[in-house]
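First the structure, in the form of structure tokens, and then the observations on it.
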Amino acid sequence: MSSRYNHKIVEKKWQKIWSGKKVFNVKKNKDKKKYYVLEMFPYPSGKIHMGHVRNYTLGDVVARYKKMRGFNVLHPMGWDAFGLPAENAALTEKKHPGNWTYQNIKIMKSQLLQMGLSLDWDRELATCHPEYYKHEQKFFIDMFKAGLAYKKEAEVNWDPVDKTVLANEQVIDGKGWRSGAVVETKKLSQWFLKISKYSDELLKDLDSLNQWPNKVKLMQSNWIGKSIGANIEFKIFKNDKKITVFTTRPDTIFGATFLAISCDHELVDMLLTKNETLKKFIEECKNLNSDKVKRGYETGLVAEHPFIEGKKIPIFIANFVLKEYGLGAIFGCPAHDQRDLDFANEYKLDVIPVVKPKDSTDNNFTIQRKAYTEDGVIINSEFLNGLNIEDAKKVIIKKLEEKGFGTKKVNYKLRDWGISRQRFWGCPIPIIYREDGEILAEEEVNLPVKLPEIEEFNESSTALANINGWKDTVCSKTGLKAVRETDTFDTFFESSWYYFRYCNTKLDTPLDEDDINYWLPVDQYIGGIEHAILHLLYSRFFTKALRDLGYFKLNEPFKGLFTQGMVTHQTYKNSNGEWIEPKSVLSTDGKFKDKDGLEVFSGKIEKMSKSKKNVVDPNDIISLYGADTARWFMLSDSPPDRDLQWTETGIVSSYKFINKLWDLVEKYENYSVKKISDTQTIEILKENINFVTEYIETFQFNKAVAKIYEYVNTLSLSIQQKGLSKDELMWCLKKLCIILQPFVPHISEEIWFNISGEGLCINQKWTIEVVEKKKKIKIAVQINGKTKDVLEIAQGLTKEQVIEIINKSDKIKRGLENKKIIREIYVEGKIFNFVV
RNA sequence: GGGAGUAUGGCGGAACUGGUAGACGCGCCGGAUUCAAAAUCCGGUCACUUCGGUGGUGUGGGUUCGAUUCCCUCUACUCCUACCA
């Protein structure tokens, strides 16, 4: 045995043994309890970053721990392989995006292998592979036939120079990121999935997800945005048309002083003819999307108030009325809605307060610049007067329904999921447009609808529509000519079901219900908070949709969710405001200088990003210090859900710890003590083990790390004092290997091998230790709540016996001198407090 | 504008349902070893102190025998969302 620990050799060795023995390859086994650990799969961007290292280390701790607790652990990995960066790379390289993607997968896989993750690589998948995406084409067809997928006109960001549709993230300050051209909104026919059908279920079932962070549930709930109110119908004076509005405040109907409709409300078309000023106004509104100024156009039409005989309300077209929400029409009650009030002040409209604060005695309660939106008492509202808001809502809705002017109505912010992308590197939407005008799903036997193999990838290749001949096809039923849909799926489509596919990636059908029944739901899903809404909501929707399509009976895909914090690092800038790499910064006399001696200023600690030059490449770290060191650092100090600050000293100290562990083996080999026993130390170590167990179970890995440090410190001290017998020491070291295994698996195996040689450490059982009840306990003795002394006393004494011991304490005697004891408070095993 | 969260030594962070504040790690200081350094090991490390103590968990208050923990006030920072009627 060489005295210096060589991580390069050792880590490779165990990685080879694990994969050779297929230690992490699992099979469905109904006699064994399963546990499904999943980390959000990576986009193959080229190489792994620290965020991946953190994410996969956290997951690996859980996976290894659960395996050692006897679970049949499914822990798979794959690639979220469609997406725009591949197209951009393809443009530069003039090669097919697949080349770049598969090449990156190869590199990143080798990096992940170096981390020593307990993954079942036999289940690896890449979403860009036809054997993967053909199944989601099938899902789409099922959804299409079930009415869950449909086509409608929708606005997209259109880059007039690149002649392409841009994602929202690709529009920067209203301009295309690539061309710099001003982006136009263009109406295109787009495919949508009817996620809105599940609004209520998606909201309700959040309650059942008790192993999800509240934060994520709240974000989803806000996104779904359920609101309860009423639709109210207004007759237009001297016109046979009507306007229906949605409101959550029907109780303020008597305060309505105007109606406002959105720019593309159906009434606008009628008004538009021969009206140039209106046309101009509408055009302006389109360009004022992000404008907070309230603008309106008075239509000249007036509506009749449903409850006030003869009252006329002007109708405006207003820029602040959203077309996609509710009915694209509102009634304005300026007194109790800030937006309405701003608008009313601008256009000199009446402001009639109909709610006043409960305790207000002001009979002339008026509203100036600030709308009153709190609870209160209804005024100026005939039959509603005197009611509170809640009751008034009930009464007015009942009245509306009686009179036929409106109904109770529930609205959601959640809109249907637009899945069309006018791109190349995505899954083709399996629809054909036949020459007779029929829109049909591709026949299932014809799946997959594959992406074209093209030799040279250029600007015009970035959309399937531009690829010569690809879209031409024939309807296999009728022989009629047809063209394919040239849009591809949003890449969230792929990630919405990959966790099902892992159950069996070789299966010819999308999935097997029996597999799903066994493996799903995912017991622990781990990933970044940035996916709190979209990915997680889409996946939940997919699960419910597939359930309704008869694939299985599962309601929710992810039983437990954990969102980890970011990896951050110090940033530096020079006097020109340019970012400087931290590793090139030198610190002298409290000042920072770069390589050339120019002064550098330390900036904020921020998320690692290329643009700020504060990234640390995991590859460098792993080759220099080893995977165990990197993993240990990722788990030390910071709680997993908080941001982790990368520091050079931190990684070095982790490295030192790994080497210190190795020194223990040497100490063991040279250890020669017989027939002595240190049961006290062993009891402490057992306690430590149980703490580690508890802290893994509760995702407090930083605390587990602290307890392992304590374990090693206690053990080192005992070795030094030669208190343990050699057998006891072996037991302690074996236990140490076991608790280290989820965290730093390579050195854990290596130590295990050196001291025992029997089997693999990862195959050992992780047990809960039985700790003897302590005979002596410590209690704090306080005077007026301030601790004056700490005494060690025997377990289970009476109050009188305790007082007797306390009376012997000098410190307490001194503290009680010349004082009168009013009260004595004794909490067994904790404190004794004198109140004087 | 709306919502959520956070605040503890020089730093990252501990403290069970209110019961010894600062576990553990980093850094720093002192010592051992060394020709010297690195590495390693040992000891110390909240502040003030007349060495008896006193003060101390962002601010100010409250409840309590006792508050980092519960309640109210204010401040700072972070994140999400955004004209959702």
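Just so it is clear: chains get the letters A, B, ... in the order the sequence lines come, proteins before strands, and each one is counted from 1.
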| query | Do Lys215(A) and C80(B) have a side chain to base donor-acceptor pair shorter than 3.5 Å? | reply |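 For Lys215(A), whose side chain was compared with the base of C80(B), there is no donor-acceptor pair (under 3.5 Å).
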Measuring only the [atom1] atom in each nucleotide, how far is [N] from [M]? A whole number of Å is fine.
N: G43(B); M: A36(B); atom1: C1'; value: 24 Å
N: C46(B); M: A23(B); atom1: P; value: 8 Å
N: G19(B); M: U68(B); atom1: C1'; value: 13 Å
N: U8(B); M: A15(B); atom1: C1'; value: 10 Å
N: G55(B); M: A38(B); atom1: P; value: 43 Å
N: G66(B); M: C74(B); atom1: C1'; value: 26 Å
N: U17(B); M: G12(B); atom1: P; value: 24 Å
N: G56(B); M: G22(B); atom1: P; value: 16 Å

| query | Can you check G12(B) for me, syn or anti if syn means within 90° of 0? | reply |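 G12(B): anti glycosidic orientation.
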| Is the base of G53(B) syn or anti, where syn means the angle lies within 90° of 0? |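 Judged by the O4'-C1' to base torsion, G53(B) sits in anti, the angle falling more than 90° away from 0.
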| task | Just grab all the side chain to side chain donor-acceptor pair (under 3.5 Å) pairs involving residues 212-223 of chain A, residues at least two apart or on different chains. | result |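 Applying side chain to side chain donor-acceptor pair (under 3.5 Å) to every pair that reaches into residues 212-223 of chain A, excluding sequence neighbours, yields Gln220(A)-Arg540(A).
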Describe the nucleic acid contact of [X] in one word from base, sugar-phosphate, nothing, applying a heavy-atom distance below 4.0 Å.
X: Lys788(A); value: sugar-phosphate
X: Val321(A); value: base
X: Leu322(A); value: base
X: Ser636(A); value: nothing

| said: Filter on salt bridge (Lys or Arg N to Asp or Glu O under 4.0 Å), then keep only pairs touching residues 700-723 of chain A, sequence neighbours left out; what's left? | reply: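 Found Lys707(A)-Glu710(A).
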| task | Only counting residues at least two apart or in another chain, list the ones meeting salt bridge (Lys or Arg N to Asp or Glu O under 4.0 Å) with Lys242(A). | result |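 If we apply the salt bridge (Lys or Arg N to Asp or Glu O under 4.0 Å) test to Lys242(A), skipping adjacent residues, the hits are Glu233(A).
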| message | Between Arg249(A) and A85(B), is there a contact of a side-chain N or O with OP1 or OP2 at under 4.0 Å? | response |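 For A85(B), OP1/OP2 do not have a side-chain N/O of Arg249(A) under 4.0 Å.
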| task | Evaluate whether atom NZ of Lys799(A) has more than 12 neighbouring non-hydrogen atoms of other residues, nucleotides or ligands under 6.0 angstrom away. | result |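 Correct, the count exceeds 12.
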| message | Just checking Lys408(A): does its NZ atom have more than 12 heavy atoms from other residues, nucleotides or ligands closer to it than 6.0 angstrom? | response |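 Open.
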Please report the distance, rounded to the nearest Å, between [atom1] in [X] and [atom2] in [N].
X: Ile719(A); N: C42(B); atom1: CD1; atom2: C1'; result: 17 Å
X: Ile812(A); N: G53(B); atom1: CD1; atom2: P; result: 10 Å
X: Gln570(A); N: C11(B); atom1: CD; atom2: C1'; result: 12 Å
X: Asp641(A); N: G12(B); atom1: CG; atom2: P; result: 16 Å
X: Ile253(A); N: A85(B); atom1: CD1; atom2: C1'; result: 12 Å
X: Tyr5(A); N: U40(B); atom1: OH; atom2: P; result: 17 Å
X: Leu218(A); N: C80(B); atom1: CG; atom2: C1'; result: 9 Å
X: Glu324(A); N: A82(B); atom1: CD; atom2: C1'; result: 14 Å

Across all strands shown, which nucleotide pairs with [N] by Watson-Crick or G-U wobble geometry, both distances under 3.5 Å?
N: C65(B); result: G19(B)
N: C83(B); result: none
N: U45(B); result: G27(B)
N: U78(B); result: A4(B)
N: C35(B); result: none

Candidate nucleotides [options], ranked by approach to the side chain of [X] - the nearest:
X: Ala780(A); options: G13(B), U20(B), C65(B); value: U20(B)
X: Trp223(A); options: G19(B), C42(B), U81(B); value: U81(B)
X: Ile825(A); options: C65(B), A85(B), U20(B); value: C65(B)

| query | Can you tell which of Thr681(A), Ile684(A), Leu685(A) makes a side-chain contact (heavy atoms from CB on, under 4.5 Å) with Leu715(A)? | reply |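 It is Leu685(A), the one option of Thr681(A), Ile684(A), Leu685(A) that forms the side-chain contact (heavy atoms from CB on, under 4.5 Å) with Leu715(A).
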| For Asn614(A), which of Thr568(A), Val567(A), Thr571(A), Ile605(A) qualifies under side-chain contact (heavy atoms from CB on, under 4.5 Å)? |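 It is Thr571(A); the other options fail the test.
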Just the atom pairs and distances: protein N or O near nucleotides 22-26 of chain B's N or O, under 3.5 Å.
{"residue": "A23(B)", "atom": "O2'", "partner": "Glu710(A)", "partner atom": "OE2", "Å": "2.8"}
{"residue": "G25(B)", "atom": "OP1", "partner": "Asn713(A)", "partner atom": "ND2", "Å": "3.0"}
{"residue": "C26(B)", "atom": "O2'", "partner": "Thr649(A)", "partner atom": "OG1", "Å": "3.3"}

Could you pull out all residues at least two apart from [X] that satisfy ring pair (Phe, Tyr, Trp, His ring centres under 6.0 Å)?
X: Tyr668(A); value: none
X: His7(A); value: none
X: Tyr347(A); value: Phe316(A), Phe343(A)

Name the atoms and distances for all side-chain donor-acceptor pairs under 3.5 Å in residues 824-836 of chain A, with sequence neighbours left out.
{"residue": "Asn833(A)", "atom": "OD1", "partner": "Asn784(A)", "partner atom": "N", "Å": "3.3"}
{"residue": "Asn833(A)", "atom": "OD1", "partner": "Gly785(A)", "partner atom": "N", "Å": "3.0"}

| 5'-most by nearest nucleotide on RNA chain B - Gln782(A) or Arg642(A) |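 Its nucleotide being nearer the 5' end, the pick is Arg642(A).
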| query | More 5' along RNA chain B: Gln700(A) or Gln645(A), using each one's nearest nucleotide? | reply |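 Here Gln645(A) is the residue nearer the 5' end.
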For nucleotides 71-78 of chain B, which of its nitrogen or oxygen atoms have a protein nitrogen or oxygen under 3.5 Å away, and what is each distance?
none

| Taking the six-membered ring where the residue is Trp, are the ring centres of Tyr655(A) and Phe657(A) under 6.0 Å apart? |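 Ring-ring flag for Tyr655(A)/Phe657(A): false, centres at least 6.0 Å apart.
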